[in-house]
Every structure is written in structure tokens, then in C-alpha cells.
Amino acid sequence: MKRLWYFIHKELLLLGRDLHGLLLLFVMPAVFILIMTFALQNQYADEGQVKIDYFLLDQDDSPLSRELIESLAQIDNLHRLSTAMNEQALRAATAEDDSKFLMIINKNFEQQLLAGKSALRLEIAPGTKPVMVHLVNAQLQNILGQLSLKIQLQALLAMGDPGAVETLTQVDGKALVTVQSLYKGSSADKDSQERPSSVQQNVPGWLLFSMFFIAIPLSNTLISERSQGTLARLQSMNFPYYTILLGKLIPYFLINLLQVVGMLLIGVYLVPMLGGERLNLGNSFAGLAVISLSASFAAVAYALFIAQLARTTEQATILSGVCNIIMAALGGVMVPRFVMPPVMQDLSVFSPMAWGLDGFLDILLRNGGVNAVLHEAAALSIFGLGLLLLSAFLFSRPGKH
Amino acid sequence: MIKIRQLQFTYQGADQPALANINLCVKSKSIFGLLGPNGAGKTTLLSMLSGLLPRPARSIFIDDCDLSSGNNPCNSGLSLVPQDYAFYQNLTVKENLNFFAGVQGMAKPVLKTRLGEVSEITGLQQRLNQKATTLSGGLKRRLNLAIGLLNSPKLLLLDEPTVGIDPHSRHFILEAIREINRQGTTIIYTSHYMEEVEALCDEIAVLDKGQVVVEGSLQALLQAQGKRSLCVDLIDLPEAQQLEALGKMPGLTHNSLRLDIPVSSEVEILKALETLQEQELGIGRIHYGAHNLEELFLDITQRTLRD
């Protein structure tokens, strides 16, 4: 353990004196985040005149529920998808993003409405922008409020007592609609819906890009050690290979985590200070930690692997640079995945950056928790473990150095 | 005593073995010179001794301790000083020494003491806070050596430790090596500077094409290989008339400016010198008796140009 500390200390001293490495790891992603966030801000924010698809299931099938359906049909930006599916199938289709919303009119609709209780459930497809949820929810509350007033008024008029009109009560629209996201672990029904912005896409995207760029300084130090005979000298000192490998892995792992903290802070504080949207860190720091740790592990293992493949620092720089750009382009860092055609979206599963980005978006955009990022974290960890074992094998080959 | 028995090694994909059936004995506390042209197998042998290349069982022993077994304590008494500047250019001298001592598991008080000792032996006391990249070539060589001394090795493997430095630095390093040897460290020394080996080493071995061509006491080898002939280097090429007169000396060979005159006694030496004087030949240098190491080395390795 004491020996390992000397390796870590040495690596941090070297990196601290490597101006180019520091610029690459900290300044480059910060600049990218700022430029891309502001350059694409309007693109992400502009909702335009889009039609929002929804499924509707009428479990009450009464004149009042049909009146609600009619009112919904009058709204320009809502588009009902006609279907004969049952509730379960509709929910599954919505979860698959066939439609953005599933509206279910509850049984005893009128009684619920009069009692000011939940008369309608609004279920949301995963990844639906919170601004859209807010818009639809507000329209539903408005219609339900009007319907509630109307049936109260009709009841009073039927009683023939005009003075009783003063007893009419404005119902709380929020209580009439139960909002539920079909995204596991999401809390899309919260009042604090953040408007999705380019900062949510660009901060994690360029953060991941820079995390994988750790391959350049890491491989450069390892290749220099190899070519200058330092590695041979260390190996002749009769201690296990894994100490040397861990001595590289741990300090760069810590650097990666520093990048995460630094770039998230830029999104939270610097971007709004310069007039952009503030990054919402979501509700799960544990989830954020899990995805950050696994992305960092994958990036460091990838860097070690590049260092084993390349013979010269030039080769390492070109190889890692090209691989990083391809992974970023494919993984939705440079071009967001949601604007890609389906074929490209399918291809993006081959990029570890896409796994990391999905994980970060689970937390930052969809308000997921630890469970929401587990499969992305597992994919990144398996990727990292595989490359780490390969690197350890290549590193320990006799006569390699 | 270091014993090497029937040591063989072939690099993956190579047609010829890099080392073939090497047998050597190195006396404890001696300085042993390992010579050979480029590609002879010197670095491969040092790599196997230091454990960088796998060591077959029962092939290398230090004081009857087989080095092939993994966690052999004898390994900790061994240190390699590579030919390259095997340290971190962006760290200071002290940071480098601290790191290499620390990773060898040295406790802090021992580390501090040893750091003082090795910087004194190598004359680096005034340079401890200087970045390695700003050191001169000679100081870099001294730092390279200092790192190799940190673990107080019983066996020190020096791979061309003075290559590319000025005579003053070389003299300093050679003196430091003598001092380290006086303190009881056995040294295996490779160099292409024959005068260094001649001045330092008690015994030598010459490797060529992965085999030991000659091994033994340096003085004995120089005496044994020395020719009983007078070697004369001329200033000007002899004319035909002069050559004809010289040709009367039995066994004389002539190669450009060099004459090689076989002689078996002091009388014959004087006679040969008289003949040279009669012919009024301009003489640059005359040599008789034991070879110097360079001559011996070139004779043994047959003077052919290597890779």
C-alpha cells in the first residue's frame, strides 16, 4: 500500500507539471461545454408547433367523459392516436415511446370530479420533455376545472335555487389529474420541472468526451516510461505488475472524478452566470456517483489499453484521438441521439460514451435514481474490466519491454 | 559468487538464439567486464540476470541461491542501471530518488539516510532540487547510477554507464564505481570503452553471437593473446626500394602504413630497428608485447563490421 502511494504521488506530480495534459483534460471540455451550450441553446429550447401524440382510455364511458374527450380533441397541439388496445398494452406502447402520453379517464368520473379527487391519470413516456408534461397537464387541469364547475352549476340550477350559486367552489385542478411517468424511477410529476436545455445535453456529453481523452496523457507517460527504460527499471525491482498498473489507474481515476465535479459545477454555476440555463443535477447524487465512477473506470481502462497497443506517443495520440471522436460522434455527444435517425440510434449502442451519456441523462434529465443507471453502469464496468484484463495480460507478457 | 549455467534464450520469432549455452563465473566483490559487439547478447544477459526476461530454473545463482524462484530474497540485493536515462525528466533529483526508494519499500528514516549516502557517492548533493531535465549529460548519468545504488545492492549490473559524457564526468563515475566496489558490491560492467574496462575490471568475458568467446583474468588474457611481433606504424608510405629492403626480414607483413615484424628475442628487435633506421623510414609509433584490450577485442571478434 505504501509503495502504491509513491506511484500515485509520482503520477500526480508529473501530471501537475504537464501543462498540455491539464489543458486537454480541464480547459478543453470546459470550452466545449460553454460554446456548444450557448450555440445550440435555441435549438434545444424551441418546441415549435408540434403535435403531441397521446393514447386515451375511457374507463367511465359516460356523457361527461365523452365531453372531456371532445374538449381534448379541440386542442390544436394534441393528437389522439386511435387504437383498440387494452390498458396494459397501451401502457406498454407508451413506455416504448409510441406515444408521449397515456390518458386514462377513471371510473365514476363525475363523482370523482365533484369530490375534487383524481378523475384522470396522465401517464408519461420515458424521455418526454418536462415542458411538454407541464403543457398537457395544465390544459387537462383547465378542462377538468371547467367541467367540474359546469356540473356543479347544472345541479344547482336543477334544484331551482339561484342563491345557491354562491356556494359554487373552484376545484383544485391539480387534485383532479394524477401524473405518472412510465419511466422507472422518474419523478416527472414534481412541480420543479426544469426546462430541458442544451446544458443538459452538452455538460455530460463533453464531460464524457474529456474523460476518455485521459488516454492521451496516461498513454504518453506509460510509453515514455517504456521507451526511456524506466518501466524496465521498475520491473527489475521485483514487485508485482499490478502495483505498476494500479499506480497508473488510481491517480487518473481520481483526475476523472475531478473532471466530473468541475464540469458539473460549470453547468450549475458558470453557464447561468453567463446567461445560459442552469444545469439541474437531478435528485440522486448516489446515481450520479454510480454513473461517474463506472464511466471513469471505463475511461481509465480504455486509456491503459491504448497505451499497450501504441508503441510511440504519436501513435497513442492519433489512435485515442480518432477513437474518441468516433465514439463521441456515434454516442450522441456531438449530435444528440434524439435527432439521429433510428438506424443511427441503434448503432450508437456500440459507443461506451452513449452508455455514459444515457446514464447521466437518466439522472440530470429524467430524474432517475441509482436503479435507473444500473444497466449503463454495468455496461461501462464490464467494458472497463474487459480492457483492464487485456491490458494486464499485454503488460505482463515476458520480454514485452 | 555469481554462477551462470547453460543459459539459453531465443526471442520470439528469431531464427538464432540471443544467448546460447552461456556458462560464466563472477567472483564476489569483483568488477567483471562483459564485452561484445552490438547484438552480441550483453543486454539480453543483463535482462535475464535482473529478471526482466524469464530465468530458467537452475541457470543463475547468487551465492548458491537460485534466482529463478519467484520471491527469492536474493533478488532484492540486485540492481540494474540501464543504459537509458531511466528516470523521470520532469521530477527533481530528490523526487526521483524518493520515488525509486519508496517503491522499493524503504522506511522513511532509512530512505532519508540512503538518499544522503547515494547523493554523496554520486556528487549530487547540490543538485537535489534541480529538475532532471535541466541536468547535464554527466549529471544525468550520475542520477541514473544513484538510483541503482538506493537498495545497497550486493550485485550491481551496469549497462554502459558512461556512454556519451565528457572525460571529467566519466572519470568521476569510474571513481564512484571503484568506491562502490571497495564497499563490497559485485559489479558486472558492460561498455564499449575498452580503456575503461581495462582500468576497472579484474576479469572479463567477451560475448559474440550469443556465445562466450573468451573468459578469464584480464591480465592473463592480454598476455596470452599478445603476439611476439614488432608492430610499426609509419608516417609515410614506403617506396618500392625501401619495401624491397624490408622484404628481406623473415615473415614481415605490410599493410598500408603498418608493418608487422615477427621477432623472438631482444637481439632480433634491435636488428629490426636498425633496418628501419637504415631505410630512413618515418616512424609514428612502435609497439611490442601484450595487446591492449581493444586489439584483443578486435582480434577475438574478427574485426568484421556488425549491426
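Residue numbering restarts at 1 for every chain, and letters A, B, ... go by the order of the sequence lines.
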Q | No-hydrogen, no-angle side-chain donor-acceptor test under 3.5 Å, B/Y88 and A/E225 | A |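 B/Y88 vs A/E225: donor-acceptor pair found between side chains.
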Q. Between B/N98 and B/E95, is any side-chain donor less than 3.5 angstrom from a side-chain acceptor?
A.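 Per modelled atom types, B/N98 and B/E95 side chains form no pair under 3.5 Å.
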Q.
At a 4.5 Å cut-off on heavy atoms, which part of A/L4 comes close to chain B: side chain, backbone, both, or neither?
A.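 Contact with chain B: none, neither part.
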Q.
Report which part of A/S227 has an atom under 4.5 Å of a heavy atom belonging to chain B: side chain, backbone, both, or neither.
A.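 Just the backbone, heavy atoms under 4.5 Å.
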Q) Angle class for the A/F383/A/W355 ring planes (parallel below 30°, perpendicular above 60°, tilted otherwise)? A)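 The arrangement is perpendicular - the two ring planes meet at more than 60°.
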Q) Is the cationic atom of A/R233 (NZ for Lys, CZ for Arg) positioned less than 6.0 Å from the six-membered ring centroid of B/F87 and within 45 degrees of its normal? A)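 No, A/R233 does not lie over the aromatic ring of B/F87.
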Q. Under a 4.5 Å heavy-atom cut-off, does chain A meet the side chain of B/D159, its backbone, both or neither?
A.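 Neither part; nothing is under 4.5 Å.
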Q. Contact part of B/L157 toward chain A, heavy-atom cut-off under 4.5 Å: side chain, backbone, both or neither?
A.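 Contact with chain A involves no heavy atom of B/L157 at all.
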